[in-house]
Amino acid sequence: PPSSRDCFHSESSSDPFLAFSFFLFPEMSDKVVVITGISKGLGRSLAIELAKRDITVVGCARNEEKLAELEKVLRDGGSSKHLLKKVDVV
């Protein structure tokens with residue numbers, strides 16, 4: 001198996017998500033991933049990449065407009081396995 005150093009310093013991968021794929025289970029299409037702060041930054045990027053891999057995404061954020069934009073991105077990408085809600089986690 002590759003070491004974490006090999007995965008993080010791979011020159012051959014143009015997909016940064018692949019650098020972390022060795023942390024994930026080989027088959028996650030039957031799993032649900034919950035992401036807080038899903039409307040921007042790392043949460044948004046992770047949601048899009050997981051949805052591309054047919055993994056169910058449940059997420060929350062405070063910004064309803066950005067959630068609606070992400071909902072459209074996920075739908076346009078073919079994902080039907082997601083649930084996004086406006087929530088303020090305190």
Side-chain angles (χ1 to χ4, degrees):
S3 72
S4 60
R5 179 168 168 53
D6 295 335
C7 293
F8 288 115
H9 295 92
S10 173
E11 300 290 329
S12 62
S13 175
S14 62
D15 182 358
F17 188 77
L18 292 178
F20 298 100
S21 64
F22 70 97
F23 288 117
L24 302 175
F25 295 107
E27 179 55 52
M28 288 188 61
S29 63
D30 63 337
K31 305 293 183 203
V32 176
V33 176
V34 178
I35 303 171
T36 59
I38 200 169
S39 65
K40 61 183 181 178
L42 183 59
R44 179 185 171 93
S45 297
L46 185 59
I48 292 168
E49 291 302 321
L50 291 171
K52 286 179 187 175
R53 288 159 175 78
D54 198 35
I55 297 169
T56 303
V57 175
V58 174
C60 63
R62 293 179 292 178
N63 190 317
E64 200 163 9
E65 289 176 15
K66 288 187 179 187
L67 282 172
E69 291 172 13
L70 179 57
E71 175 84 28
K72 183 175 179 351
V73 168
L74 295 177
R75 262 196 330 263
D76 291 349
S79 173
S80 62
K81 295 168 48 176
H82 59 271
L83 173 65
L84 307 178
K85 293 290 181 185
K86 179 182 177 192
V87 175
D88 190 2
V89 178
V90 290

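Rounded to the nearest 0.5 Å, atoms CG (Leu50) and CG (Leu74) are 10.0 Å apart. Note that CD of Glu64 is 11.0 Å distant from CG of Leu84, once rounded to the nearest 0.5 Å. Separating the SG atom in Cys60 from the NZ atom in Lys86 is a distance of 12.0 Å, to the nearest 0.5 Å. Note that CD1 of Ile48 is 9.0 Å distant from CD1 of Ile38, once rounded to the nearest 0.5 Å.
Val87 and Val34 are not part of a single hydrophobic cluster, where members link through side-chain heavy atoms under 4.5 Å apart. Both Val73 and Leu46 belong to a common hydrophobic cluster when Ile, Leu, Val, Met, Phe, Trp and Tyr are linked at side-chain heavy-atom distances under 4.5 angstrom.
Here the closest non-hydrogen pair linking Asn63 and Glu65 is OD1-N, 3.0 Å. Residues Leu70 and Ala47 approach most closely at CD2-CB, 4.5 Å, considering heavy atoms. The two residues Ile55 and Lys31 have their closest heavy-atom pair at CG2-O, 4.1 Å. Nearest heavy atom pair, residue His82 against residue Glu71, reads NE2-OE2, 3.0 Å.
Contact check on Glu69 versus Lys66 returns no salt bridge, with no Lys/Arg side-chain nitrogen under 4.0 Å from an Asp/Glu carboxylate oxygen.
Between the side chain of Lys81 and the main chain of Asp54, a donor-acceptor pair closer than 3.5 Å is present.
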